[in-house]
Protein chains: 2
Amino acid sequence: MTPPPIHILLADDHLVVRAGLLALLSTQADFEVVGEAANGREAVEKVLDLQPDVLLLDLEMPEMDGVEVIQALKEEGVAARVIVFTVFDTDERVLAAVQAGAQGYLLKGAPRDELFRAVRVVYEGGSLLQPIVASKLMRQMQEQANPDRSDMVETLSTREQEVLGKLALGLQNKEIAAQLQITERTVKFHVSSILAKLGAGNRTEAVTIAAQRGIIDL
Amino acid sequence: MTPPPIHILLADDHLVVRAGLLALLSTQADFEVVGEAANGREAVEKVLDLQPDVLLLDLEMPEMDGVEVIQALKEEGVAARVIVFTVFDTDERVLAAVQAGAQGYLLKGAPRDELFRAVRVVYEGGSLLQPIVASKLMRQMQEQANPDRSDMVETLSTREQEVLGKLALGLQNKEIAAQLQITERTVKFHVSSILAKLGAGNRTEAVTIAAQRGIIDL
DNA sequence: TCCCTCCCTGTCCCAAAGTACAGGTTCCCG
DNA sequence: CGGGAACCTGTACTTTGGGACAGGGAGGGA
């Protein structure tokens with residue numbers, strides 16, 4: 001007798017990606033794609049409805065992004081295990097997804113076997129990250145554990161992230177101060193902290209670095 | 001008797017996307033996928049080798065990007081017609097692709113029928129842009145035709161684009177001047193032009209706007 | 001040829017950015 | 001309760017950024 005297949009739900013806003021995953025996964029006898037979702041909200045609904053074993057989830061989606069989907073599922077107390085499947089490989093995004101509770105992280109373009117293995121491993125309760133992703137994550141973790149390394153990447157406080165967002169819009173300190181109801185002096189303080197933590201020489205470079213690392217979205 | 005099928009070559013660096021396109025296109029009796037390429041260089045080689053009727057081309061690829069592929073094919077005098085198939089929908093990228101010689105421009109996530117129709121239309125010598133893409137292109141063209149409109153989006157001169165690139169790196173005027181072998185004063189002049197053309201209030205906003213429009217890549 | 005665009009340079013000037021130094025609060029964790 | 005982290009504020013200072021105004025040379029198209 002054959003074992004029951006692994007039930008998989010696909011969540012991606014691009015038709016071709018869903019079609020591709022369906023085509024690839026269908027070649028495996030122990031996989032069964034039970035449904036598809038084209039946005040985050042739909043993904044959450046279908047997980048609750050269809051109770052898949054594994055959710056293949058894109059991070060960039062309309063309505064609700066991938067990290068939010070994972071968090072929503074957690075609040076619902078859902079058992080499904082999640083593999084993030086995306087084009088992003090920046091430290092921050094990987095960390096956010098894993099912290100939210102993803103068990104796997106694959107980059108689009110991952111080879112067939114890696115995809116198949118990830119589904120099986122995660123289904124069995126394990127975790128699987130692509131080597132490139134794993135190393136990024138490791139580095140992040142180590143840096144958070146040793147806050148006294150010289151080459152560390154410090155995390156921005158929530159306030160600093162707020163200010164950073166305003167910087168990206170091209171606002172000047174005075175305008176930021178008004179919007180955040182604080183003094184211009186305080187804004188300068190935060191900006192200096194941001195520059196130091198990101199290793200930037202000025203606000204423009206800070207925005208570029210933040211965008212590259214996935215800390216902010218332009 | 002059935003007519004000969006339309007020969008299609010797929011060029012995308014992501015396995016799933018190629019698999020998805022293959023799966024979707026294979027449902028049509030008059031389509032035949034004759035090959036796949038995972039990067040730009042390979043795409044050019046395979047077009048020359050396999051002589052497809054239509055090339056489905058991603059813009060973002062390693063080795064050689066989509067626009068470069070189109071240009072390379074043009075220099076080789078190849079007859080194949082090109083449909084750009086990408087996630088980017090910024091004005092600049094669309095314009096660049098169409099100017100380089102693409103006959104179609106589809107966004108990933110385009111519905112089945114639109115994809116099929118695009119292949120057939122382009123094969124028969126026509127052009128097809130998704131409505132969203134078409135409107136962006138139209139706007140660009142109109143703005144270039146009327147250089148005296150108030151809401152126009154002016155194009156940056158080559159020198160300005162150079163300076164813009166340096167701005168994104170967070171360099172200051174003095175540093176840019178040194179790198180470009182010009183006076184700091186001249187750099188200021190170019191920066192001012194860039195700000196005016198992009199509608200930015202300062203260099204930081206200019207970088208953000210440029211990144212959003214696809215003028216620069218971070 | 002004339003005009004227009006791009007590229008380049010200069011001086012003056014003020015506002016904005018960023019640093020240095022010094023200090024305050026609250027809140028949470030061990 | 002002590003200590004750290006995040007957040008906030010202040011004065012004083014130097015450097016950078018960007019605008020206003022004015023100009024010159026090279027090259028392409030009507």
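Quick note on labels: first sequence line is chain A, next is B, and so on, each numbered from 1. Both backbone and side-chain heavy atoms feed into the values below; hydrogens, waters and symmetry mates do not.
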B/S/- along nucleotides 5-14 of chain D (protein heavy atoms under 4.0 Å) is -SSBBBB---
Holding to side chain to side chain donor-acceptor pair (under 3.5 Å), I want the full list of residues that pass it with Asp217(A), two or more places apart in sequence or in another chain. Arg93(A)
For residues Ile176(A) and Leu167(A), determine if any side-chain heavy atom of one lies less than 4.5 Å from a side-chain heavy atom of the other. yes
Is a side-chain N or O of Glu205(A) found less than 3.5 angstrom from the main chain of Gly201(A), in a donor-acceptor match? yes
Note: Lys46(A) and Pro52(A) closest approach over all heavy atoms is O-CD, 4.3 Å
What's the CG-C1' distance between Leu171(B) and dT16(D), to the nearest Å? 14 Å
Treating Gln99(A) as the side-chain partner and Ala96(A) as the backbone partner, does any N or O pair qualify as donor plus acceptor under 3.5 Å? no
Using whole Å, report how far CD1 of Ile194(A) lies from P of dA17(C). 13 Å
Strictly below 4.0 Å, N to O, side chains only: are Glu45(A) and Arg41(A) in salt-bridge contact? yes
So does Asn173(B) get a side-chain nitrogen or oxygen closer than 4.0 Å to the phosphate oxygens (OP1/OP2) of dG17(D)? yes
For Lys108(B), which of Thr86(B), Asp12(B), Asp89(B) qualifies under side chain to side chain donor-acceptor pair (under 3.5 Å)? Asp12(B)
Bend angle of the helix from dT1(C)-dA30(D) to dG30(C)-dC1(D), end axes from five pairs each (to 10°): 50°
Length of the CD-P vector between Glu205(A) and dG17(D), whole Å: 12 Å
Taking atom C1' of dG18(C) as reference, at what distance in whole Å does atom CD of Gln172(B) sit? 11 Å
Whole Å only: how far is the CD atom of Gln161(B) from the C1' atom of dC6(C)? 13 Å
From Asn202(B), Thr208(B), Thr204(B), residue fulfilling side chain to side chain donor-acceptor pair (under 3.5 Å) relative to Thr204(A): Thr204(B)
What is the distance, to the nearest angstrom, from the CZ atom on Arg203(A) to the P atom on dT19(C)? 11 Å
Could you tell me how far apart Asn202(A) (CG) and dT15(D) (C1') are, to the nearest whole angstrom? 12 Å
On a heavy-atom basis, the closest approach of Val34(A) and Leu9(A) is CG2-N, 4.5 Å
